[in-house]
Amino acid sequence: MTIKEQPKPPRFRIIANILLSVSGLFLLLNLFLPGLFASGPAGVPYSLFIHQVQEGEVSRVSVGQNQIRYQLKTENAEPGAVFVTTPIFDLELPKLLESKGVEFAAAPPPKNTWFTTLLGWVIPPLIFIGIWQFFISRGGGGQQGVLSIGKSKAKVYVEGESAKITFADVAGVEEAKTELVEIVDFLKTPARFTQIGARIPKGVLLVGPPGTGKTLLAKAVAGEAGVPFFSISGSEFVELFVGVGSSRVRDLFEQAKKQAPCIVFIDELDAIGKSRSSNGFYGGNDEREQTLNQLLTEMDGFAAGDATVIVLAATNRPESLDPALLRPGRFDRQVLVDRPDLSGREAILKIHAQKVKLGDDVNLKAIATRTPGFAGADLANLVNEAALLAARNQRQTVAQEDFAEAIERVVAGLEKKSRVMNDTEKKIVAYHEVGHAMVGALIPGSGRVEKISIIPRGMAALGYTLQLPTEDRFLMNEEELRGQIATLLGGRSAEEIVFGSITTGASNDLQRATDLAERMVTTYGMSKVLGPLAYQQGQPAMFLGNGAPNPRRAVSEDTAKAIDSEVKEIVEKAHEQALQILKQNRDLLEAIATQLLETEVIEGEKLHSLLSQIQPVDKATAGSVAS
Ligand code: ADP
Ligand code: MG
Ligand code: ZN
């Protein structure tokens, strides 16, 4: 189920309210000030009327509350003409009229039917309700729908029929769910816990990579507990004007306490909660620090037994958070929301596939197998991409092949058929990719080579080799890591063997190979020379294979040299290994590359049978390579 980030109250309701208010106002005026809207002959100044009376020109007068209508004697005006003037409170008027012998009478009171009475009594309250609702729906303090909180900009999702998200909408993060079920209990029946004297946790930190469903989980907690959900993003707190951030925090908690029990959700907590020692985004950290302090104050402020406000926060960089935030009584609970495993991915695909029409041949399990490392958001996106492809291909339902194509799109970016390579470049790219594929096919632990293509994709790759893992891997041994490095160097090695020169196309491969080698030495302790020491600062990247290595710990010059030479050694050995594999299978390299140049893509069974012809390197010549 998709969540609209900011459900709006139905627009027509606002418009209806405005219309009601305007027409009501009109009626109101009409009822109470009929004079204003009186139609008829143009008004005559009262002074002129008095003058006319005194001169004896007036024949008849009808005195009403808001209006005097009169006729002149026939010699002064056309017969039947009626003049109107607005009266002034004038007690002398009857006497004057009498003394001048004018015929006069009070005008009959306005016809007050039951209908107008009803309108008079019913419409004004309706107008006020209308106006009130109008402001409620844009201001704050009501009970339904989305209210935005004055200064704090927090969006509030009150439990509603349409947008209700529950744990059933979240899959693949079972451990996180189990922990959060407890939070739901706290929100539903706080008394049960406080009775025994237990302190209800105030803060729960959801930690995990982007797109794994942290926001979704927080909403699900609110939905399960049936409580209001205040949501604000950390970056929204941080404003240029000093003091705004902290006043927003204060404001937010004030509002939340009024609606307790409820959930306050702070997305991107790291934007305000960054460690105070680390260098800030804005030269001076004053503002962020004040905001952070205010947050800490607020969290310390609401005591047990008070209103139950539970603060959920999300971050993908827990290591950068200020330790003060993680102390007991603040965010003392941390829930890991990690990328889903195989069965988790299948479950997530199931949830999102409900929205599209699936063909009979679709096998969600097979799709899950091919998408390790995908987060929930990626899978949701994948289902949508597949549906778009099916629609573009004029299909009525989404087929398995749509999913296959969608996976490639998500993995490698959109196919760029328009980019034209010249023939030499194409040839180089072909050998390069076949080099990757052949080394990869012979190396343990790096997955099965499923496709080689020299159709450029995305921004970076001119060609690409798609290796799909046959299973989820969480641990890798040294040999497999060396194998991965060799596979990365396979492209460049092929270029060397075939053309005797190297192009710029391998720079990304080299970057990744070097990073991996460095991590082997400085993080995983895989170097015999340097021993099982961690030479990098901070925790190792939480999610395997993410980004560059951390900055190095301060090391002696000798150690730095040793690290450099070890890294170099690993990369060079892997390079050697790749070269040997390719040299030994030189003919096959030619054959596959020639075929690739013709068809541009080789995949599936055909590729498997080609790659199965590779001869492993003779142990005799390989020497110490596979250590
Ligand atoms: P995060 O806050 O962790 O960055 P979101 O909660 O915003 O991720 O996830 C974005 C979208 O991806 C969700 O709205 C949902 O459609 C989908 N999604 C992410 N994780 C899951 C999951 N575990 N189960 C089902 N859908 C998910
Ligand atoms: Mg989010
Ligand atoms: Zn390459």
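Counting starts at 1 for both ligands and their atoms, in listed order. We count residues from 1, following the sequence as given. Because the structure is a prediction, the values reported are computed rather than measured.
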*Minimum heavy-atom distance Asp169-Ile165, with the two atoms named*: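 Where Asp169 meets Ile165 most closely, the heavy atoms are OD2-CA, 3.5 Å.
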Do Glu569 and Lys573 have side chains that get closer than 4.5 Å, going by heavy atoms?
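Yes, close enough: below the 4.5 Å cut-off.
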Does one side chain, of [X] or [Y], offer a donor that lies under 3.5 Å from an acceptor on the other?
| X | Y | result |
| --- | --- | --- |
| Ser453 | Glu600 | no |
| Asn384 | His352 | no |
| Glu603 | His608 | no |

Between the candidates Arg339, Arg345, His352, which shows the shortest non-hydrogen contact distance to atom 16 (O) of ligand 1?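 When every heavy atom of Arg339, Arg345, His352 is considered, His352 comes closest to atom 16 (O) of ligand 1.
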Check: Should one rank Asp338, Thr212, Leu349 by closest heavy-atom distance to atom 20 (N) of ligand 1, which comes out on top?
Finding: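 Going through Asp338, Thr212, Leu349 one by one, Thr212 has the nearest heavy atom to atom 20 (N) of ligand 1.
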Which atom of His436 approaches the Zn ion (ligand 3) most closely (N/O/S):
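Of all N, O or S atoms in His436, the Zn ion (ligand 3) lies closest to NE2.
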Aromatic plane relationship, Tyr431 with Phe499 - under 30° parallel, 30 to 60° tilted, over 60° perpendicular
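Judged by the thresholds at 30° and 60°, the geometry between Phe499 and Tyr431 is perpendicular.
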Looking at ligand 1, is there an atom of it that comes within less than 4.0 Å of some heavy atom belonging to [X]?
| X | result |
| --- | --- |
| Gly172 | no |
| Ala314 | no |
| Lys219 | no |
| Asp169 | yes |

Any N or O of [X] closer than 3.5 Å to N or O of ligand 1:
| X | answer |
| --- | --- |
| Val173 | no |
| Val170 | no |
| Asp267 | no |

Any carboxylate oxygen within less than 4.0 angstrom of a Lys/Arg side-chain nitrogen, looking at [X] and [Y]?
| X | Y | answer |
| --- | --- | --- |
| Glu576 | Lys583 | no |
| Glu224 | Lys188 | no |
| Lys177 | Glu175 | no |

message = To check your reading of the site, what angle at the Zn ion (ligand 3) do NE2 of His432 and OD2 of Asp509 form, to 10°?
response =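 Value returned, to the nearest 10°, is 100°.
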#### Entry: Where ligand 1 meets Pro210 - atom numbers and elements under 4.0 angstrom, heavy-atom basis
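Matching atoms, with element in brackets: 4 (O).
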Tell me the contacting part of Ile348 for ligand 1: side chain, backbone, both, or neither, using a 4.0 Å heavy-atom threshold, strictly below.
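The part of Ile348 near ligand 1 is the side chain, not the backbone.
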